Amino acid sequence: MSEKWLTGTVTENRHWTETLFSLRVEGARPRYEAGQFVRIALDTVEGDAASRVARAFSLVNPPDDPVLEFYGVIVPEGPLSPRLAKLQPGDALYVAPNPAGFLVLSEVPDAETLWLVATGTGLAPFLSILRTATPWRRFKNVVLVHAARYASELTYGELIRASAARYVTFVSREPAPGSLAGRIPAAIADGRLEKAAGLPLAPQSSHVMLCGNPQMLRDATAALAARGMRKHRRRASGHITVESFW
Ligand SMILES: Cc1cc2nc3c(=O)[nH]c(=O)nc-3n(C[C@H](O)[C@H](O)[C@H](O)COP(=O)(O)OP(=O)(O)OC[C@H]3O[C@@H](n4cnc5c(N)ncnc54)[C@H](O)[C@@H]3O)c2cc1C
Ligand SMILES: NC(=O)c1ccc[n+]([C@@H]2O[C@H](COP(=O)([O-])OP(=O)(O)OC[C@H]3O[C@@H](n4cnc5c(N)ncnc54)[C@H](OP(=O)(O)O)[C@@H]3O)[C@@H](O)[C@H]2O)c1
């Protein structure tokens, strides 16, 4: 592989639940904009053959924080995520030198309200964005929406509540006081999301950034289209920006 990888050192691996973890990594400092992702990798040695297994991960920390943070879920049959979850302080993690991605505020047109809408670990890029000055300078309102299967998976709540964002949560697989039930697209369609945020979700006022489960992105985009919103393109301004995790 000709790419020059940076080598970071794991300083912490926090386990929120049996499946969710956050890795902190020092010593690798790629340049990026809040909301971007970078490939991270580990080596596998089988017999005499060594290979590097790499996957895209969003950067959770704001760009001016020198300690990189990644937020992951264990996909039990996955080649990389179970191994990331087992990393210990002192272990090496390879980080690609070239972060990328368009889920960034420099690609988002002005609006009154910025909606940051995530399922599961799709929360990660929004945590970086929330901790920069840009959203507060550019948008009158910022709403952070996080959907998880179980209440224990509504991670990083403390950090989100410490920001000026309005925080709306969904828990889909158990009753959870304080969270909406069901899924995000249905709550866009029937007005529950607007009601919970106390703000209109309309093309005149809103830009929506969606991240996480690809089917959620499709279903939410369809629900937003029914409200007259369309995907944003550089050459045709719109109201929706998406990033799919698989
Ligand atoms: C742009 C981008 C950014 C990403 N950022 C993150 C991130 O910040 N955190 C993160 O955990 N993952 C992120 N991912 C997914 C990540 O790259 C891996 O796919 C994931 O860590 C699983 O890796 P794996 O090798 O174990 O399994 P893989 O072979 O990569 O995936 C196997 C299957 O697991 C499911 N899956 C993959 N990722 C997730 C996920 N995050 N949540 C639920 N189900 C999933 C899908 O069904 C997928 O087909 C991102 C992906 C992309 C494309
Ligand atoms: N979370 C766990 O308990 C758990 C445990 C073991 C392993 N895993 C692994 O992690 C992966 C799942 O991770 P995850 O729970 O973070 O992600 P997820 O399956 O994407 O679920 C996160 C949230 O997104 C919702 N969602 C799913 N499809 C949607 C759609 N089309 N529209 C709107 N919302 C939608 C889910 O609701 P629904 O509940 O209605 O689907 C849930 O509230 C699996 O691949 C599995 O291998 C997860």
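Residues take their numbers from the sequence shown, with the count starting at 1. When a ligand or atom number is given, it counts from 1 through the structure's own listing order. It should be emphasised that the depicted structure is a prediction, and the values quoted were computed from it without experimental measurement.
- Inclusion of Ser81 in the set of residues having an N or O under 3.5 Å from an N or O of ligand 1 is warranted.
- With rounding to the nearest 0.5 Å, the separation of CG in Leu93 from CZ in Phe70 is 6.5 Å.
- Here the protein heavy atom with the shortest distance to atom 1 (C) of ligand 1 is Phe37 CD2, 3.3 Å.
- Residues Ile240 and His232 are not in side-chain contact: their nearest non-hydrogen atoms beyond the backbone lie 4.5 Å or more apart.
- Looking at heavy atoms from C-beta onward, Ile160 lies out of side-chain contact with Phe126 at the 4.5 angstrom threshold.
- In this structure, atom 25 (O) of ligand 1 has protein heavy atoms in its sub-4.0 angstrom surroundings.
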Check ligand 2 for close polar pairs with the protein: N or O on both sides, less than 3.5 Å.
unit_1	atom_1	unit_2	atom_2	d
ligand 2	1 (N)	Glu153	OE2	2.9
ligand 2	3 (O)	Glu153	OE2	3.3
ligand 2	15 (O)	Arg149	NE	2.8
ligand 2	19 (O)	Arg149	NE	3.4
ligand 2	19 (O)	Arg149	NH2	3.0
ligand 2	20 (O)	Asn213	ND2	2.8
ligand 2	28 (N)	Arg183	NH2	3.4
ligand 2	28 (N)	Asn213	ND2	3.4
ligand 2	31 (N)	Met216	N	3.4
ligand 2	31 (N)	Asp219	OD2	3.0
ligand 2	37 (O)	Ser172	OG	3.2
ligand 2	39 (O)	Ser172	OG	2.6
ligand 2	39 (O)	Arg173	NE	2.6
ligand 2	39 (O)	Arg173	NH2	3.4
ligand 2	40 (O)	Arg183	NE	2.8
ligand 2	40 (O)	Arg183	NH2	3.4
ligand 2	41 (O)	Arg173	NH2	3.0
ligand 2	41 (O)	Arg183	NH2	2.8
ligand 2	43 (O)	Ala148	O	3.2
ligand 2	43 (O)	Ser172	OG	2.8

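- Of the N or O atoms in Thr121, one or more lie within a sub-3.5 Å distance of an N or O in ligand 1.
- With ligand atoms numbered from 1 in the order given, ligand 1 contributes 11 (O) to contacts under 4.0 Å with heavy atoms of Gly72.
- Taking CD of Gln215 as the reference point, atom CZ of Arg183 lies at 8.0 Å (rounded to 0.5 Å).
- With Pro214, Pro76, Pro79 as candidates, the residue nearest to atom 29 (O) of ligand 1 on a non-hydrogen basis is Pro79.
- Interface atoms of ligand 1 facing Val73, defined by a heavy-atom separation under 4.0 Å, are 11 (O), 40 (C), 41 (N), 42 (N), 43 (C).
- Within the 4.5 Å cutoff, no side-chain heavy atoms of Thr113 are placed close to those of Val142.
- At a 4.0 Å cut-off, at least one heavy atom of Pro82 sits close enough to ligand 1 to count as contact.
- We find the CD1-OG1 distance between Ile74 and Thr19 to be 6.5 Å, quoted to the nearest 0.5 Å.
- Judged by distance alone, the side chains of Tyr71 and Ser58 never bring a donor and an acceptor atom under 3.5 Å apart.
- Looking at heavy atoms from C-beta onward, Leu20 lies in side-chain contact with Thr121 at the 4.5 angstrom threshold.
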Review point. Going through the distances and angles, do Arg234 and Phe102 end up as a side-chain contact (heavy atoms from CB on, under 4.5 Å)?
Key: CA-CA 11 Å; Arg234 278 185 177 166; Phe102 296 101; 3.7 Å; yes
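- Interatomic distance, CZ of Arg83 versus CG of Leu42, reported as 5.0 Å (0.5 Å rounding).
- When non-hydrogen atoms are compared, ligand 1 lies under 4.0 Å from the backbone of Phe57 as well as from its side chain.
- Using a 4.0 angstrom heavy-atom cutoff, Ser244 counts as in contact with ligand 1.
- Each of the atoms 8 (O) of ligand 1 lies under 4.0 Å from some heavy atom of Ala124.
- Scanning the protein heavy atoms around atom 34 (O) of ligand 1, the nearest turns out to be Val75 CG1, 3.2 Å.
- Under 4.0 Å from ligand 1, heavy atoms of Ala56 appear from its side chain as well as its backbone.
- For the pair Gly101 and ligand 1, no heavy-atom separation below 4.0 Å is found.
- Atom CG of Leu68 and atom CD of Glu26 lie 9.5 Å apart (nearest 0.5 Å).
- Contacts between Phe245 and ligand 1 below 4.0 angstrom, taking non-hydrogen atoms only, involve backbone and side chain alike.
- Atom CG of Leu210 sits about 8.5 Å away from atom CG of Leu103, to the nearest 0.5 Å.
- Proximity of Met209 to Ile129: side-chain heavy atoms (C-beta onward) are separated by under 4.5 Å at one or more points.
- Side-chain contact check for Val53 versus Tyr94: every heavy-atom pair is 4.5 Å or farther apart.
- In summary, Arg227 and Glu194 engage in a salt bridge, as defined by a charged side-chain N under 4.0 Å from a carboxylate O.
- Protein heavy atom in closest approach to atom 38 (N) of ligand 1: Trp246 CE3, 3.8 Å.
- Heavy atoms of Tyr71 found under 4.0 angstrom from ligand 1 belong exclusively to the backbone.
- Among protein heavy atoms, atom 30 (O) of ligand 1 sits closest to Arg55 NE, 2.7 Å.
- Closest to atom 8 (O) of ligand 1 among all protein heavy atoms lies Ser58 N, 3.0 Å.
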